[in-house]
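As structure tokens, the structure follows; a few thoughts come after it.
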Amino acid sequence: MKNFDYLYNIVEPSFLKNLSIEDLYSLSENIREFLIHSLSSTGGHVSSNLGVIELTIALHYVFNMNEDKLIFDVGHQCYTHKILTGRAKFFKTLRKFNGLSGFPRKDESKYDIWETGHSSTSLSACLGMAVERDFRNGNENILTIIGDGALTGGMALEALNNIGYEQRKLIIILNDNQMSISKNICALRPKNDEKFLNIYDSSNQITNLKNINLYHYKITKNFFENLNIHYTGPIDGHNIKDLINNLNEIKQINRPCILHVITKKGKGLKIAENDNTGSWHGIGPFNTSTGLKIKNKKVNERAWGSVISETIERLAEKDKKIVCITPAMTKGSKLEFFKNKFPDRIFDVGIAEQHGATFSGALSLSNLKPIFFIYSTFLQRAYDQIIHDIARQNLNMVLAIDKCGFATGDGDTHHGIYDISFLRPIPNISIVMPKDQIEAQNLLYNSLYNYSDKGLIAFRYPRGYTELTHVKNFENIEFGTWSVEKEGTDLIILTFGTMLETAHEISEKLSYRNISVKIINARFIKPLDEKILHEVFKSNLPIITIEESCKIGGFGTSICEFAIKHKYKNDIEVFGIEDSFFHHGDTANLRKLSNLDCESIINKIQSLISIC
Ligand SMILES: Cc1ncc(C[n+]2csc(CCOP(=O)(O)OP(=O)(O)O)c2C)c(N)n1
């Protein structure tokens, strides 16, 4: 195995200043080898990071990050920065519980000055820091790396507008690798031109890129210059010498600047370089010699996202009104097959959750059947659109909310634990979560056909894998109804989704202590099944609610509200995620940390159990 001691011994980035250009190139190769080796066992954001090694080295070479400030958009491409700032030795713990984060974290290093995970925030951050610097007459440089994907986000475009107006000195590195996770959907790159951002509007040509077959660009005033932002580029983002020269030049400019660099996502790992579907964007462990991914799921298991997308695909064969909308997550939401089958009925809107939501609402108003696929965490971006445009107008549509629950390796920027609390107060919205793949297929069918006059159906499902057997005939599930999973006489558990498994575990463990537990599948988180709920309370038994979701305003809270409203006095214990941010890690550890595992729940309900 290659010795990476050189990288392990880096303490901070100033050592770069003494290196020659050749040394910088060999450092970049060393880092590339290290990343491929290390990520092959931990997984991580492989292709984005392999693409910015030279760029990150050049930035740390030209600037002094002890004073200057470097911000990463999304933050998933910060691995070389972590290595250059003394964190190579922690890479074996990348994205693991108590290990190195895959994103910038202020509590990890003083060189991580802005935390991210969600896209398109960096330009606003950059401008805020520039204004503060100017207030105190400071002179540090403020820089950001933003990808061509992140540039499609509304926030980034809003910030560009403001940056052009404010005219503060700051540097934006536009990392154009022509990819978001999958191919980037961006009108700056015309549909028939899959090359680089076409941001010029008249003649002249440049040919300063040797290794890249660059389209001939027309230079006078371009998109950015029209916003009053100085533009330089495009340059080869793997040519360290060119990068250094250009960075030194724009460092002198006293107004907002953009340096447009062209990079290759996955550079140095052929299989990742050739990937244009996004398979190598964020992945688990892989084999360094074959480049193939090491799968740890069982043979007949499918991603939860596939259960949903394949059911939609099946229904869409018979129903031409079904259309799918995704904010740059075709790959993540398992919509590739749908895209191949119905290319005209899927809309990748770019990293634009707000627009995607309102656009879906308008499709529904126009009598189509839109399904807006979105991860729980990114739905946060579309809150006003859900209230103002969709719910208020009582539009009927399905929100397919993926990755509900802890986000494991991605951590607190990505946990899907707030959607219940923020959707629950809004009228004209129902929230459902199936317990298994069969119930998922039936509930989805019902959402599209039997509940199609019920406004917005927020259809939650978790990350991870499950079996998938296509149901022959879809079954009707009456709107707003729960089901009794198991009868019991001492204690009642109300829960839904994947936490039903934990409920069964608790029930089994308590059965050894002669405590009999009734389990109810509360698949409708809103509206509550009031008929069952009255029976539950009238039993006078103690009740516990369990949700892998934030406790404040969540499902358990709604049960307490019901009890107060109807003056029930049963003992109730609510299990959910406390009012705190939880880092990255595996589900088991994160659940334990938030008292959502079987043992912790049993320990915490000792007093309720002793009543039994
Ligand atoms: C608000 C938001 N929506 C979606 C995502 C999921 N996501 C992570 S990276 C990414 C693509 C980013 O593309 P780009 O900025 O070009 O960076 P690259 O990986 O190509 O370097 C997407 C869509 C996100 N992080 N944040």
Side-chain angles (χ1 to χ4, degrees), residues 44-56 71-81 102-104 115-124 144-159 172-186 188-189 196-197 237-238 260-267 272-273 275-283 305 325-333 335 348-357 372-383 385 401-403 407 409-416 463:
H45 285 101
V46 172
S47 54
S48 308
N49 280 290
L50 293 180
V52 296
I53 296 173
E54 291 80 7
L55 176 60
T56 315
I71 299 166
F72 289 87
D73 203 286
V74 186
H76 61 312
Q77 74 293 54
C78 67
Y79 296 179
T80 298
H81 166 79
F103 294 102
E115 295 187 0
T116 38
H118 285 200
S119 150
S120 317
T121 65
S122 68
L123 301 187
S124 310
T144 177
I145 300 182
I146 181 165
D148 55 312
L151 195 69
T152 64
M155 259 190 94
L157 297 169
E158 289 170 29
I172 300 165
I173 313 293
L174 172 56
N175 173 31
D176 181 5
N177 55 22
Q178 307 94 59
M179 296 281 282
S180 191
I181 287 179
S182 329
K183 207 182 117 221
N184 189 16
I185 302 298
C186 175
L188 288 172
R189 194 187 331 277
F196 314 126
L197 291 185
H238 301 294
H260 181 182
V261 305
I262 308 300
T263 59
K264 183 84 199 152
K265 210 161 167 166
K267 176 123 174 111
E273 279 188 22
D275 163 39
N276 50 29
T277 63
S279 305
W280 285 80
H281 177 86
I283 56 158
I325 299 91
T326 169
M329 300 301 280
T330 306
K331 177 88 192 162
S333 295
L335 287 166
D348 178 346
V349 295
I351 308 181
E353 289 81 7
Q354 306 182 5
H355 157 65
F372 184 31
F373 284 82
I374 189 160
Y375 286 15
S376 167
T377 186
F378 303 138
L379 181 61
Q380 290 159 201
R381 282 274 165 100
Y383 195 42
Q385 289 69 19
I401 311 179
D402 197 354
K403 311 276 190 279
D410 282 332
D412 58 10
T413 54
H414 283 64
H415 293 321
R463 64 175 47 245

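Just so you know, ligand 1 is whichever comes first in the structure, and atom 1 is the first atom listed for that ligand.
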List the closest protein heavy-atom neighbour of atom 13 (O) of ligand 1: residue, atom name, distance to the nearest 0.1 Å. Ser180 CA, 3.4 Å

Heavy-atom contacts under 4.0 Å between His281 and ligand 1: side chain, backbone, both, or neither? side chain

Heavy-atom closest pair, residues Asp275 and His281: OD2-N, 4.4 Å

I'd like to know whether Ile262 forms a side-chain contact (heavy atoms from CB on, under 4.5 Å) with Gln178, so could you lay out the CA-CA distance, the side-chain angles of the two residues, the decisive distance to 0.1 Å, and finally the verdict. CA-CA 8 Å; Ile262 308 300; Gln178 307 94 59; 3.8 Å; yes

For residues Phe373 and Ser333, report the shortest heavy-atom separation together with the two atoms involved. CB-OG, 3.9 Å

Note: Ile351, heavy atoms under 4.0 Å from ligand 1, region reported as side chain

Does Lys265 reach ligand 1 with a nitrogen or oxygen that is under 3.5 Å from one of the ligand's nitrogen or oxygen atoms? yes

Might you point out which heavy atoms bring Pro327 and Phe372 nearest each other, and give the distance in Å? CD-CE1, 3.7 Å

Please state which protein non-hydrogen atom is closest to atom 3 (N) of ligand 1 and give its distance, to 0.1 Å? Glu353 OE2, 2.6 Å

Honestly, for Asp148 the part within reach of ligand 1 (heavy atoms, under 4.0 Å) is both

Which protein non-hydrogen atom lies closest to atom 15 (O) of ligand 1, naming both residue and atom, and how far is it? Ala150 N, 2.8 Å

Check the pair Lys183 / Asn276 against side-chain contact (heavy atoms from CB on, under 4.5 Å), numbers first and verdict last. CA-CA 6 Å; Lys183 207 182 117 221; Asn276 50 29; 5.9 Å; no

Closest approach of Gln77 and Asn49, non-hydrogen atoms and distance? C-OD1, 2.9 Å

Is there a polar contact between ligand 1 and His414, counting only N or O atoms under 3.5 Å apart? no

Gly117 near ligand 1, heavy-atom distance under 4.0 Å? yes

Would you mind checking which non-hydrogen protein atom is closest to atom 21 (O) of ligand 1, with the distance to 0.1 Å? Asn177 ND2, 3.2 Å

Donor on one side chain, acceptor on other, Thr263 and Asn175, under 3.5 Å: yes

Does any N or O of ligand 1 fall below 3.5 Å from an N or O anywhere on Phe378, backbone included? no

closest protein heavy atom to atom 7 (N) of ligand 1 is Ile181 CD1, 3.8 Å

Starting from atom 26 (N) of ligand 1, locate the nearest protein heavy atom and write down its residue, its atom name and how far away it is, to 0.1 Å. Ser119 N, 2.8 Å

Between Lys265 and Met179 the two heavy atoms that sit nearest each other are CD-CB, 3.7 Å

Atom 14 (P) of ligand 1 - nearest protein heavy atom and its distance: Gly149 N, 3.5 Å

Given that the side chain starts at C-beta and the backbone is N, CA, C, O, which of these parts of His45 lies under 4.0 Å from ligand 1, counting heavy atoms, or is it both or neither? neither

Consider every N or O of Val74 and every N or O of ligand 1, then say whether any pair is closer than 3.5 Å. no

With the threshold set at under 4.0 angstrom, would you say Pro327 reaches ligand 1 through any of its heavy atoms? no

Nearest-contact summary for atom 1 (C) of ligand 1 - protein heavy atom, Å: Arg381 NH1, 3.3 Å

Heavy-atom nearest pair, Glu54 first then Gly237, reads CB-O, 3.7 Å

Test your reading of the model: is there a side-chain donor-acceptor pair from Thr116 to the backbone of Phe72, 3.5 Å cut-off? yes

Gln77 heavy atom under 4.0 Å from ligand 1: no

Pair His45-Asp410, side-chain contact (heavy atoms from CB on, under 4.5 Å): steps then yes or no: CA-CA 10 Å; His45 285 101; Asp410 282 332; 3.9 Å; yes

If we ignore angles and hydrogens, is there a donor and acceptor under 3.5 Å between the side chains of Ser122 and Thr144? yes

Please identify which atoms of ligand 1 are closer than 4.0 Å to at least one heavy atom of Gly147. 14 (P), 15 (O), 16 (O)

Does Met329, backbone or side chain, put an N or O under 3.5 Å from an N or O of ligand 1? no

Which word best sums up how the rings of Phe378 and His414 line up, parallel for under 30°, tilted for 30 to 60°, or perpendicular for over 60°? perpendicular

